[in-house]
Protein chains: 2
Amino acid sequence: MKAAFRDVKEVIRTRIVDGDWGPGELIPNEIDLAAEFQCARATVNRAVRELAEEGLVERKRKAGTRVRMSPVRRAQFEIPVVREEIEASGRMYRYALVRRDLCDTPDWLRARMGLGDRGQVLHLVCVHYADNNPYQYEDRWINLAALPNAADVDFSETSPNEWLVETVPFSDAEISFSATASDEVLASHLGCAVGNPLFLAERSTWWRGEPITYVRMVFQRGHRMTTRF
Amino acid sequence: MKAAFRDVKEVIRTRIVDGDWGPGELIPNEIDLAAEFQCARATVNRAVRELAEEGLVERKRKAGTRVRMSPVRRAQFEIPVVREEIEASGRMYRYALVRRDLCDTPDWLRARMGLGDRGQVLHLVCVHYADNNPYQYEDRWINLAALPNAADVDFSETSPNEWLVETVPFSDAEISFSATASDEVLASHLGCAVGNPLFLAERSTWWRGEPITYVRMVFQRGHRMTTRF
DNA sequence: GAAAATCATTTGCCTAGACATATTACCCGC
DNA sequence: GCGGGTAATATGTCTAGGCAAATGATTTTC
């Protein structure tokens, strides 16, 4: 007899999956469920609350709990550091710095990151290899106003990604995925043809409201991001 | 004065983000925190438990709670029904069925879905419009062995997506995202040029271990999938 | 010294009862 | 029939206390 709320949760989940309680239908209230399962209301509450967090049911005060019409399926992706992603798949990781510039913040970046005054940014371009095949092209901009010491770091060995993770551990971020076409630069670095469709991930990061970094990550042809739920 | 556990949670989160409690460090135990915040231990428990679920801290019995070295970054995407996605953005939704075939299960589909014996599948092609602009091209295959009555449904008005959601509401799924190039069919339906890079989502669905449906969803040029965390 | 048994600490979960809050349902006056 | 106020109800959260389980630390035994 351990973790009763888990059992309650699974019984309810089974009833929903099997269609005993169909979409849109109201399920019994917490007091009745507690009576049925012979437990405290708090136990039922936790079970049903977690099901609601998973998107299986919808709860409203007074109105009760009902099975969702269209289950809000939330797909969860872990966003690992590239090196870990490659090494986890058993391939050898290699990193190369392609370019390093110090420049004034371009306007498009100021707009995107919400940078008010002009200042300097560190622009880094690097490529991540898996088993010596190009895997990801990384185009990164670091706000030097927020991280002045980034200018002194030697990024020829440490990838900016890993340096940032150690330096600014807990930040807010916005990530977005889309498709883009390979241009000549990408084609030469990734070893594909110009015009090939490529998977693109962009990420902006803030720390305490201050813009830290923006990165464009373009993956090798055929890259897929997969998850089960 | 509502939701004390939320306040506790935010105070602790702030201390971690600000570096008062650095990566790898042990934070006070629940009893001490409860004393500090003048609340019951259960309240602190919920606060810290949720922080652990978010990946900010790591908990172990007897060992206590410590701040994670590298926070597990989980991006969460909601996978809504197309119509809801479009209507939520304030645009008008329209749906069109392009093609409907009954055919023997092609080999590639049998391999992908883990379908053992050969049987028939229903192949549907449709397009979803937002404000009369093509938004998503949907290429769907439904396993008739699992859903024989799908053959009798009129999909000219109801989109297969919505019919399936009502009929087989809660299933296991695998979803994957990638980039693809527009071919002539896609170009004509989506109104883009041949060769344009397009964002592709593929989804396989099972119900109680039985393959139900596989769908390829190709989005209009420039589509982005975004999330904050 | 190494392995095994015991102890202590911390999180995990449960109960029973209480009050708060949102929201529906109903009743009433018009 | 309709608008507005009021009561009823289901969920949301808190408290105080208690037992369970995992596991790091310590001590005992061989």
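Protein chains get the first letters and strands the later ones, always in sequence-line order, with residue 1 at the start of each.
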For atom [atom1] of [X] and atom [atom2] of [N], their distance in whole Å:
| X | N | atom1 | atom2 | result |
| --- | --- | --- | --- | --- |
| A/Ile27 | D/dA10 | CD1 | P | 13 Å |
| A/Glu50 | D/dG12 | CD | P | 13 Å |
| A/Phe37 | C/dT15 | CZ | C1' | 17 Å |
| A/Asp32 | D/dT11 | CG | P | 9 Å |
| A/Asp7 | C/dC14 | CG | C1' | 13 Å |
| A/Glu58 | D/dA10 | CD | C1' | 15 Å |
| A/Arg66 | D/dA10 | CZ | C1' | 12 Å |
| B/Phe5 | D/dT11 | CZ | P | 17 Å |

Problem - Ring centers of A/Phe199, A/Phe177 separated by less than 6.0 Å - result: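 Distance test on ring centres: under 6.0 Å, yes.
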Exercise for the section: Determine, using ring centers only, whether B/Trp206 and B/Tyr214 are less than 6.0 Å apart. Expected result: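 Not under 6.0 Å, so no.
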Partners passing side chain to side chain donor-acceptor pair (under 3.5 Å) against [X] (at least two apart in sequence or in another chain):
| X | result |
| --- | --- |
| B/Ser156 | B/Asp154 |
| A/Arg59 | A/Glu30, A/Thr65 |
| A/Glu50 | A/Lys9, A/Arg46 |
| A/Glu174 | B/Arg228 |

Problem - Within residues 40-48 of chain B: residues closer than 4.0 Å to DNA chain D (heavy atoms) - result: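 Correct list: B/Ala40, B/Arg41, B/Ala42, B/Thr43, B/Arg46.
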Problem - Pairwise salt bridge (charged side-chain N to carboxylate O under 4.0 Å, His left out) hits with a residue in residues 130-144 of chain B, at least two apart - result: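 Pairs touching residues 130-144 of chain B that pass the test: B/Glu138-B/Arg140.
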Handout entry: Relative orientation of the end axes in the helix from C/dG1-D/dC30 to C/dC30-D/dG1, expressed as an angle to the nearest 10° (five pairs per end)
Key =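 If I round to tens, the end axes sit 20° apart.
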With respect to the phosphate group of [N], does any side-chain polar atom (N or O) of [X] fall under 4.0 Å of OP1 or OP2?
| X | N | result |
| --- | --- | --- |
| A/Arg6 | C/dC13 | yes |
| A/Thr65 | D/dA10 | no |
| B/Lys60 | D/dA22 | no |
| A/Arg49 | D/dT11 | no |

Problem - DNA chain C: 5'-proximal contact among A/Cys39 and A/Ala63 (nearest heavy atom) - result: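 Its nucleotide being nearer the 5' end, the pick is A/Cys39.
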At a cut-off of 3.5 Å, list every protein nitrogen or oxygen paired with a nitrogen or oxygen from nucleotides 5-9 of chain D, distance to 0.1 Å.
{"unit_1": "D/dT9", "atom_1": "O4'", "unit_2": "A/Lys62", "atom_2": "NZ", "d": "3.3"}

Exercise for the section: Report the residues that fulfil salt bridge (charged side-chain N to carboxylate O under 4.0 Å, His left out) with A/Arg66, sequence neighbours left out, ordered by chain and then residue number. Expected result: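 Result, salt bridge (charged side-chain N to carboxylate O under 4.0 Å, His left out) vs A/Arg66: none returned.
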Practice task
Quick one: list whatever passes salt bridge (charged side-chain N to carboxylate O under 4.0 Å, His left out) with A/Arg224, sequence neighbours left out.
Solution key: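 For A/Arg224 the salt bridge (charged side-chain N to carboxylate O under 4.0 Å, His left out) partners, ignoring immediate neighbours, are B/Glu202.
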Exercise for the section: List in chain and number order the residues that pass side-chain contact (heavy atoms from CB on, under 4.5 Å) with B/Ala130, two or more places apart in sequence or in another chain; answer none if no residue qualifies. Expected result: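 B/Ala130: side-chain contact (heavy atoms from CB on, under 4.5 Å) contacts with B/Ile86, B/Arg91, B/Tyr135.
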Handout entry: Partner set under side-chain contact (heavy atoms from CB on, under 4.5 Å) for B/Pro148, not counting sequence neighbours
Key =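 Expected list: none.
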Handout entry: Within 6.0 angstrom of A/Arg110 CZ, more than 12 heavy atoms from elsewhere
Key =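 Enclosed.
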Exercise for the section: For B/Gln38 and for A/Arg59, locate the closest nucleotide of DNA chain D by heavy-atom distance; then report the residue assigned to the nucleotide nearer the 5' terminus. Expected result: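 Final value for this comparison: A/Arg59.
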Exercise for the section: Tell me which nucleotide among D/dT11, C/dC13, D/dC14 gets nearest to the side chain of B/Ala4. Expected result: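 Out of D/dT11, C/dC13, D/dC14, the nucleotide with an atom closest to B/Ala4's side chain is D/dC14.
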